[in-house]
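Below is one structure, written out as structure tokens; comments come after it.
Read the numbers this way: they start at 1 and go in the same order the structure lists the ligands and their atoms.
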Amino acid sequence: MSQAINLRAYIRDVPDFPKPGIVFKDITPLLADGDAFSAAISELSCFVPQGVDAVVGIESRGFIFGAALAQQLGLGMVPVRKPGKLPADVHGVDYELEYGMDRLEIHRDALSKGHRVVIVDDLLATGGTAMAAIKLVRRVGGEIIGAAFVVELNALGGRERLAPVKVSSLVQYD
Ligand code: AMP
């Protein structure tokens with residue numbers, strides 16, 4: 001039964017990746033297990049209310065969960081990508097990382113005005129990445145109904161940063 005699966009057991013800590021001091025939450029064991037992956041998608045789908053028009057997935061691990069979730073819900077998946085990857089006209093948002101800056105882009109015609117979307121990524125840390133995706137969705141006329149993550153690192157304050165956007169996550173770490 002998928003409800004009985006402890007998803008935390010499928011998330012592996014990799015210390016000092018990608019740099020010293022960072023404990024990387026590796027979700028590849030979860031992806032590799034059919035029952036755990038299926039349970040994760042089914043639990044994420046419970047966070048998506050009726051009336052949502054599309055799932056927005058953030059490159060790159062957000063594509064994996066976002067695409068599977070969209071398919072399960074019978075919705076389309078809109079990619080928010082790293083710079084220079086989307087081929088047609090884009091809007092971009094620059095945002096701050098712990099060290100330095102990054103940028104995300106969305107196709108200008110990705111959503112219609114008033115389209116209701118849920119944003120999906122593998123992990124919420126400081127919330128900078130998800131906030132950039134939220135800004136992009138709003139820039140193209142979309143309405144944010146919520147943001148859903150597999151993993152949430154509570155201590156980094158992402159949930160507070162995204163407020164009042166409703167944040168949901170499957171596995172939390174203090
Ligand atoms: P943030 O913008 O700080 O919320 O960081 C979230 C983004 O960075 C997500 O796309 C994650 O995939 C990635 N990320 C940040 N910290 C970690 C971590 N400790 N383990 C795995 N991925 C992380």
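The nearest heavy-atom contact from the protein to atom 17 (C) of ligand 1 is Leu123 CD2, 3.5 Å. In terms of protein heavy atoms, atom 5 (O) of ligand 1 is closest to Ala125 CB, 3.6 Å. For atom 11 (C) of ligand 1, the nearest non-hydrogen atom of the protein is Asp122 OD1, 3.5 Å. Counting protein heavy atoms only, atom 19 (N) of ligand 1 is closest to Val23 O, 3.0 Å.
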Could you list the donor-acceptor pairs under 3.5 angstrom formed by side chains in residues 65-91, with sequence neighbours left out?
unit_1: Arg81; atom_1: NE; unit_2: Glu59; atom_2: OE1; d: 2.9
unit_1: Arg81; atom_1: NH2; unit_2: Glu59; atom_2: OE2; d: 3.0

Contacts table for residues 128-149: side-chain donor-acceptor under 3.5 angstrom, sequence neighbours left out:
none

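Atom CZ of residue Phe17 and atom CG of residue Asp26 lie 8.5 Å apart, to the nearest 0.5 angstrom.
In summary, the atoms of ligand 1 found under 4.0 Å from a heavy atom of Thr126, numbered by their order in the structure, are 1 (P), 2 (O), 3 (O), 4 (O).
Within a 6.0 Å sphere centred on NZ of Lys19, other residues, nucleotides and ligands contribute more than 12 heavy atoms.
For the pair Gly127 and ligand 1, the shortest N or O to N or O distance falls below 3.5 Å.
Taking every heavy atom of both residues into account, Leu153 and Lys25 meet most closely at CD2-CE, 4.0 Å. Between Phe47 and Ser169 the shortest heavy-atom distance is CZ-O, 3.8 Å.
Remark: distances from the non-hydrogen atoms of Ile58 to ligand 1 are all 4.0 Å or more. Every heavy atom of Gly158 sits 4.0 Å or more from the atoms of ligand 1.
Evaluated by nearest non-hydrogen atom to atom 10 (O) of ligand 1, the leading choice among Thr129, Asp121, Leu156 is Asp121. Here the shortest heavy-atom distance to atom 22 (N) of ligand 1, taken over Arg61, Glu59, Lys25, belongs to Arg61.
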> Given the rule in the side chain to side chain contact (heavy atoms under 4.5 Å, CB included) test, do Val93 and Leu104 qualify, once you have shown the distances and angles that lead to the verdict?
Replying inline: CA-CA 6 Å; Val93 163; Leu104 285 174; 5.7 Å; no
